[in-house]
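Worksheet for the structure shown next.
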Amino acid sequence: MLKNRIIPCLDVKNGRVVKGINFVDLKDAGDPVEQAKIYSDGGADEICFLDITASNENRDTIYEVVEMTSKKCFVPLTVGGGVRSVDDINKLLNCGADKVSINTAAVENSKVVVDSSKKFGSQCIVVAIDAKKNGDKWEVFTHGGRNNSGIDALEYAKKMEDSGAGELLVTSMDRDGTQVGYDIELMSKISSKVNIPLIASGGVGNLDHLVEGIKLGKASAVLAASIFHYGKYSVKEAKQYLESKGIPVRT
Amino acid sequence: MNVTIVDYKSGNISSVINSFKEVAQNKVKIEVTSDVSKIRSTDKIVLPGQGSFKSCVDALQSIKGLVDCLNDFVVNKKKPLLGICVGLQMFADVGYEESETKGLGWIPGKVTKIDNQNGKYKLPHIGWNQINLVKESKIFKDIKDKSHMYFVHSYEFVPTDKNSISATTEYSSKHVCAVEKENIFGTQFHPEKSDKTGLKIINNFINL
């Protein structure tokens, strides 16, 4: 039986972890390799790096990070943030990323998704959708949530599936950082609309939220940051809890 | 001993390279090449594969002499080869992804899309699933039945001869996730991304 996945997400800036584990005796709290290794040893099903490097001249730092991590981490590694072109995807994959998530570039030009999934296979193309509720629908935001594209998130999700995305990483902008739980309605609506797996993101504050994301939000995988980074729960505890609620997990 | 990973420009093979190097350390030489003369003289071959069945077969054929070299290595010399993901799928006679495409024909059978039961099951089949060991296999030495492996695929290999199946997994229905026929080994899942258990399989292959 296929297991639901738990994916810790680390924010990386200029090649250093800026939002990650800060509760154990890390030799170097900014070292992405050490952090990724702690999570993979602790049972994380995948690792996600979100590159939030702002300046273009430091963009190359993520390639070094991916290269070093992939030599030590033998679970799937997804890398996103600032991915603009097929060439960017190619570089990340060559450095050892297993999947690349595309956000703004996919909204601006869906051809990036079409071309990259044809070239590298859908299995490594994740489309990240940042959505915010507006009335009775959700709109897709770009540039790290700063710009409203006005595009309907549900229709966009379907379009991305048709363009060749292998998975969708859906973040609720309304819930992100609030710790009040995923936007279940958004997740379940998108998940029901598409036939590719959905990774739920944004708003996790406790383990019940993970359960809800899978059971009610119909997510195949749940992504979380703060609840793991600050030691509130370990990945192992999260899995035990999910299992006790009848959700299949890899133990 | 040399283990050669065939780099035929089909998808991302960095993870395969990293995992084999991690397991081999400095005891075994891991070579990554598309040079047919080097592949011909190696001891073991790893055939990765990402993307569609058709794109992988096309990529293999675009390298002059490569398919003949692989055939000779596997069929005549009977040296060990491990196919991963589409690398395994290409063992079949025929695949139906994109269009009907002839495979390598090493293990009789076909590659077809997983039945998603009218959308009840999402595709690709992505994530960790348990494998059922159905026969003794050298690459599964010390691997427990029901171990978790990392999968990502939408097509499955359906061999005609069920004796070649070494492991199955369940998603929508029971399907083949590993095969072994004499010197030919294949896994639909990705041992290179399957944590310590996956590395153990790689170690078993290297130590054959």
Side-chain angles (χ1 to χ4, degrees), chain A residues 1-7 40-41 43-47 66-77 89-100 117-126 161 165-168 191-199 218-221 248-251, chain B residues 9-23 49-53 55-56 85-86 97-98 116-132 146-155 169-172 174 190-200 202:
Chain A
M1 177 182 226
L2 184 66
K3 304 304 163 82
N4 291 103
R5 288 166 282 156
I6 294 185
I7 310 173
S40 75
D41 287 347
D45 296 308
E46 292 181 25
I47 307 290
V66 171
E67 195 159 6
M68 289 186 297
T69 309
S70 65
K71 288 199 170 97
K72 292 287 160 212
C73 239
F74 299 97
V75 300
L77 176 64
I89 298 167
N90 192 24
K91 274 199 268 182
L92 286 168
L93 293 175
N94 277 333
C95 290
D98 297 290
K99 307 184 208 180
V100 173
S117 61
K118 273 213 182 104
K119 193 168 160 74
F120 311 111
S122 291
Q123 84 288 337
C124 62
I125 305 300
V126 180
E161 176 183 24
E167 282 177 286
L168 299 176
S191 186
S192 306
K193 183 118 182 158
V194 298
N195 275 321
I196 51 176
L198 178 145
I199 305 164
K218 303 191 187 79
S220 301
V249 288
R250 174 180 71 118
T251 45
Chain B
K9 307 291 173 235
S10 177
N12 166 33
I13 59 168
S14 327
S15 290
V16 175
I17 300 169
N18 286 336
S19 60
F20 271 79
K21 286 193 170 162
E22 169 78 11
V23 171
Q50 279 191 354
S52 74
F53 187 94
S55 68
C56 286
C85 199
V86 186
E97 190 170 0
E98 282 189 66
N116 74 347
Q117 299 183 23
N118 293 321
K120 198 174 152 209
Y121 287 86
K122 297 202 175 257
L123 288 181
H125 169 218
I126 297 186
W128 296 84
N129 207 333
Q130 284 169 299
I131 62 167
N132 312 302
K146 309 280 179 213
S147 288
H148 287 93
M149 298 294 166
Y150 188 78
F151 287 83
V152 45
H153 63 125
S154 299
Y155 284 74
T169 193
E170 271 141 62
Y171 188 69
S172 168
K174 189 174 273 189
H190 291 267
E192 77 277 14
K193 283 284 125 189
S194 296
D195 218 342
K196 293 177 192 75
T197 333
L199 295 185
K200 192 163 218 157
I202 291 171

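Residue numbers start from 1 in every chain, and the chains themselves are labelled A, B, ... in the order their sequence lines are given, proteins ahead of strands. Atom set for the values below is all heavy atoms of this structure, side chains included, hydrogens, waters and symmetry mates excluded.
Proximity to chain A (any heavy atom under 4.5 Å) is restricted, for B:Asn12, to the side chain, taken from C-beta onward. A:Ala221 does not touch chain B: none of its heavy atoms, backbone or side chain, sits under 4.5 Å away. Neither the backbone nor the side chain of B:Ile13 comes within contact range of chain A; no heavy atom of the residue lies under 4.5 Å from a heavy atom of that chain. Using a 4.5 Å cut-off between heavy atoms, B:His125 touches chain A through its side chain atoms alone. In this structure, the portion of A:Lys72 lying under 4.5 Å from any heavy atom of chain B is its side chain and not its backbone. At a 4.5 Å heavy-atom cutoff, the contact between B:Ser194 and chain A is made by backbone atoms alone. B:Gln130 touches chain A through backbone and side chain together, each having a heavy atom under 4.5 Å away. Only the backbone of A:Ser40 comes within less than 4.5 Å of a heavy atom of chain B; no side-chain atom from C-beta onward does. For B:Lys146, no part lies under 4.5 angstrom from a heavy atom of chain A. Both the backbone and the side chain of A:Arg250 come within contact range of chain B, judged by heavy atoms closer than 4.5 Å.
The closest side-chain heavy-atom distance from A:Ile196 to A:Glu167 is not below 4.5 Å. For the pair B:Tyr171 and B:Leu123, the minimum side-chain heavy-atom distance is below 4.5 Å.
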Take B:Ser172 and B:Gln117, measure what side-chain hydrogen bond (donor to acceptor under 3.5 Å, both in side chains) needs, and give me the verdict at the end. CA-CA 7 Å; B:Ser172 168; B:Gln117 299 183 23; 3.3 Å; yes
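A pairwise comparison of heavy atoms in B:Ile126 and A:Pro197 identifies CD1-CG, 4.2 Å as the closest pair. The minimum heavy-atom distance linking B:Val86 with B:Cys56 is given by the pair CG1-SG, 3.5 Å.
Contacts with chain B were tallied for A:Asn94, A:Asp98, A:Val194, A:Asp41; A:Asp98 has the most, counting heavy-atom pairs under 4.5 Å. Between chain B and the residues A:Gly166, A:Ser117, A:Cys124, the most heavy-atom pairs under 4.5 angstrom are made by A:Gly166. The choice from B:Leu199, B:Ile17, B:Thr169 that makes the most heavy-atom pairs within less than 4.5 Å of chain A is B:Leu199.
A salt bridge is defined here as a Lys NZ or Arg NE, NH1 or NH2 lying under 4.0 Å from an Asp or Glu carboxylate O, and A:Glu46 with B:Lys193 fails to meet this definition.
A donor atom on one side chain and an acceptor atom on the other are found under 3.5 Å apart for B:Glu170 and B:Asn132. Side-chain contact annotation: B:Glu97 with B:Ser52, donor-acceptor N/O pair under 3.5 Å absent.
At least one donor-acceptor pair closer than 3.5 Å links the side chain of B:Asn129 to the backbone N or O of A:Met1.
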